[in-house]
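The next block holds one structure in the form of structure tokens; read it before the comments.
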Amino acid sequence: MLTHRNTFTLWLLLLLHVSGSAMKFNLFGHRRNDLPHEGDVRLFGGSVSEGRVEIYHEGKWGTVCDDGWDMAEAQVVCRQLHFPRAKSVSGKTYGKATGPIWLDDMACKGTENRLSACDFKGWGLSDCTHKEDVGVICETAGTNGTVGDFTYSLDQSISLSDDLGQIFDSGNGCDFLILVQSATGNRHENETLEVVGTTVCAHKLILSQFPRFNASEGITGITVNISQSCQTYFPSFIRYLYTRKVDVTFSSVQCLHWMAYTFGVKQLMEDAGRLFTKILPEDASFYTQMSLYNYAEETGDLVLQENCVQYLAWNYQNLTMSPVWTQLSVELLGSLLVRSDLVVPDEYFLLQTVENWIIEKGDSLTLETQADLLSRIRFPMISAEALYGLESNSSLYSTHKNIYRDKLLKAFQFNILLLSNLKSNPKFDKEDADYRPRIYTAKPWSAAITLKSNRVHYDRYNQYNQIPSVSLTTPIHNSLVFKKNQISWNAAVFRTQHECSNHGLRCESFPVVRMRTYDSSPNNIVFRNRLLLMCQGKYICQVQDFKDNIAHVAKNGTHVLPYPCPDDQYLYRFVVIPEYI
Ligand SMILES: *[C@@H]1O[C@H](CO)[C@@H](O)[C@H](O)[C@H]1NC(C)=O
Ligand SMILES: *[C@@H]1O[C@H](CO)[C@@H](O)[C@H](O)[C@H]1NC(C)=O
Ligand SMILES: *[C@@H]1O[C@H](CO)[C@@H](O)[C@H](O)[C@H]1NC(C)=O
Ligand SMILES: *[C@@H]1O[C@H](CO)[C@@H](O)[C@H](O)[C@H]1NC(C)=O
Ligand SMILES: *[C@@H]1O[C@H](CO)[C@@H](O)[C@H](O)[C@H]1NC(C)=O
Ligand SMILES: *[C@@H]1O[C@H](CO)[C@@H](O)[C@H](O)[C@H]1NC(C)=O
Ligand SMILES: *[C@@H]1O[C@H](CO)[C@@H](O)[C@H](O)[C@H]1NC(C)=O
């Protein structure tokens, strides 16, 4: 169970530190004892987003001298670490460095992707001392918070929790030694890797619940390899096994998740994974979402993986405009394309983005892979106008003629034959996803209401009629035969008990959204309409169903929603989704 201590501060801080998380995900490479690569940079001795600049060269971390160091250079470092930008050059010293001074007289333009791409005197050519080492402070998601000063308590505690914690703290009677070691990346003169380590003494009785510790008869200890950045958190991880309680900070959450994964501590892994999910919205570059998806896939955390895919499905349109779009794996794009909760303007938009993606990838994709992706497009949902233009407008038509022709035929049949005819057609399978609309936000299927906040200001003259509402008219179904057969909808947002009771609604929480029609539709069509909540015009943070025309939004504060939205600044979008039954 997650307990919420000071929820508001938590969200605030989680939101502040997203870019920091992106950087930390990079660090995860090191846990597999991947050594750092030539030219990598890190911030040492400070926090996630601040510290002494160090660069890796010829197997050693070294520092940078402040001659010529300015904001342009700081920008390059921060961007190399996946922060949006530098906040300032730091005058502080972060402990005492001992390694080489690798860089001096730096001259960056500010647009370089890596610090090593800038002009400088030459590796190791410097007349500086470590007193002149530079530091930087990077900006995290456009704000100026400080890192590591919040606590989120994970608590599945058991009755003897505190007593067991004391047993661990005292070390009395401990009979299992865990040596935790990390390679720093530096090499000794004799070419062996420098390793730093600590030991933790624990009790077999406790560890034996988790087979991967090997804490069995006759074994007195193990050695664990872990990334240097995670080493600090190892004792609190072991303590958790005694108490089932741990305070999680933003810096520790990924380490705890990874340790839980490594040692098969399921509950901790799930809870930490849930914390990750909350940070998805803030990274507009989608770098964090992608890293997290890959990480989830690697660790087999299916919940986390599903959460990432769902977020990407809801925010597909922005994903296509992001820098990671062309780096998406075939598997990830494929799993997005089978989803009915994909939010897109219309199906033709989806086809175009997939075509562009395929063209962008070029020869690295086999024709089979291309065909497989294209076949996941629901052609019957594409408007008849676009279908007619497809042969001349689609850049892949000539390469994949057979697929396009089959799909077009299927789509035209769907569009022009009456349902009764379709049903008698042995090829028509109403369970076929191709006949199912996704969540289409373009006209005519959708309309929206924007509210600055959910707070209501009444004036004396207009106490009763201030319900924000919107009307829209849609065809009864996507297929062309229903084009002239229309249905009118009205959607409204009720923010207070007052507003609810004035409209004959019984509301238990707020806001409540109602979407209804007085028009009738054929028996074989049902509407599975959706409410989308878009936060601050930036990302979709919730997709909900209606039950009996009603949807209850966020019960109490943001933590009920999958994703937080500061100040509840929602745009409410209503989407009509007809389906054959
Ligand atoms: C940074 O912090 C200062 C002082 O706390 C505050 O006045 C300022 O608005 C903050 N800037 C941003 C961009 O949040
Ligand atoms: C290499 O050098 C380090 C430090 O100088 C030393 O601790 C280590 O034992 C040496 N390793 C070998 C294999 O000589
Ligand atoms: C536990 O033992 C297995 C088999 O002997 C070994 O592969 C594994 O690395 C050990 N785990 C640890 C943490 O030492
Ligand atoms: C830990 O890393 C060292 C090298 O740093 C390697 O020799 C050793 O096999 C690793 N141990 C485990 C359990 O992975
Ligand atoms: C197809 O392309 C033509 C011009 O090349 C354009 O006028 C038409 O709107 C396009 N059709 C669609 C559905 O985009
Ligand atoms: C998504 O795209 C819209 C329009 O381009 C933009 O205003 C918004 O900030 C984007 N959202 C994110 C999270 O980048
Ligand atoms: C709902 O939120 C209010 C204030 O934000 C708080 O006082 C109340 O305890 C919360 N109710 C529940 C059930 O969490």
Side-chain angles (χ1 to χ4, degrees), residues 313-314 316-317 337-351 376-388 407-425 427-449 469-492 513-533 540 542-551 572-581:
W314 291 355
Y316 180 86
Q317 194 172 358
L337 293 179
V338 296
R339 296 180 74 109
S340 289
D341 65 350
L342 204 58
V343 178
V344 281
D346 55 37
E347 192 74 16
Y348 187 51
F349 171 88
L350 193 60
L351 173 62
R376 296 179 194 206
I377 303 294
R378 303 180 178 177
F379 280 65
M381 294 298 121
I382 297 177
S383 75
E385 293 82 354
L387 289 173
Y388 283 117
K407 286 284 203 171
L408 277 171
L409 181 61
K410 190 174 177 184
F412 283 129
Q413 277 176 349
F414 173 79
N415 268 299
I416 57 179
L417 296 180
L418 284 168
L419 179 63
S420 53
N421 296 348
L422 268 181
K423 275 192 170 160
S424 59
N425 180 343
K427 278 192 178 164
F428 181 75
D429 168 11
K430 64 184 166 52
E431 300 300 322
D432 185 344
D434 278 2
Y435 301 123
R436 226 158 255 229
R438 306 181 202 254
I439 303 175
Y440 299 133
T441 57
K443 280 181 183 156
W445 299 109
S446 164
I449 296 176
S469 71
V470 67
S471 295
L472 74 158
T473 302
T474 68
I476 279 179
H477 196 272
N478 306 56
S479 57
L480 207 56
V481 280
F482 290 109
K483 187 162 185 173
K484 296 238 166 68
N485 206 345
Q486 302 216 311
I487 186 165
S488 295
W489 301 90
N490 180 270
V513 176
R514 181 173 67 191
M515 183 174 187
R516 60 180 177 179
T517 179
Y518 292 113
D519 300 337
S520 58
S521 58
N523 289 336
N524 49 21
I525 291 176
V526 292
F527 292 95
R528 302 193 201 279
N529 297 349
R530 296 286 202 288
L531 167 67
L532 309 187
L533 295 184
I540 291 170
Q542 176 68 303
V543 174
Q544 286 186 230
D545 299 335
F546 290 91
K547 285 208 181 66
D548 301 329
N549 299 333
I550 299 286
Y572 297 81
R573 181 170 284 287
F574 310 92
V575 182
V576 175
I577 304 180
E579 281 179 21
Y580 281 128
I581 49 169

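Predicted model, so just to flag it, every value in this text is computed and none were measured. Both backbone and side-chain heavy atoms feed into the values below; hydrogens, waters and symmetry mates do not.
- Considering every non-hydrogen atom in both Pro578 and Ile476, the closest pair reads CB-O, 3.3 Å.
- Below 30°, between 30° and 60°, or above 60°: for Phe414 and Tyr435 the angle between ring planes is below 30°, a parallel geometry.
- Put simply, CG on Asn478 and CH2 on Trp445 are 4.5 Å apart, with the number rounded to the nearest 0.5 Å.
- The two residues Leu480 and Ala384 make their nearest non-hydrogen contact at CD2-CB, 3.8 Å.
- Heavy atoms only, all atoms of each residue included: Ile449 and Ala491 are closest at CD1-O, 4.0 Å.
- The main-chain N or O of Arg378 is found under 3.5 Å from a side-chain atom of Glu347 such that the two form a donor-acceptor pair.
- Looking only at distances, a side-chain donor or acceptor of Thr517 sits under 3.5 Å from a matching main-chain atom of Ser488.
- In summary, Asp434 and Lys407 engage in a salt bridge, as defined by a charged side-chain N under 4.0 Å from a carboxylate O.
- Distance check: Gln486 CD to Thr474 OG1 gives 7.0 Å after rounding to the nearest 0.5 Å.
- For Asp346 (side chain) and Tyr348 (main-chain N/O), a donor-acceptor pair under 3.5 Å exists by modelled atom type.
- With hydrogens and angles left out, the side-chain atoms of Arg438 and Tyr440 include no donor and acceptor closer than 3.5 Å.
- Between Phe527 and Trp489, the two ring planes are perpendicular [angle over 60°; tilted spans 30° to 60°].
- The main-chain N or O of Ile577 is found under 3.5 Å from a side-chain atom of Asn529 such that the two form a donor-acceptor pair.
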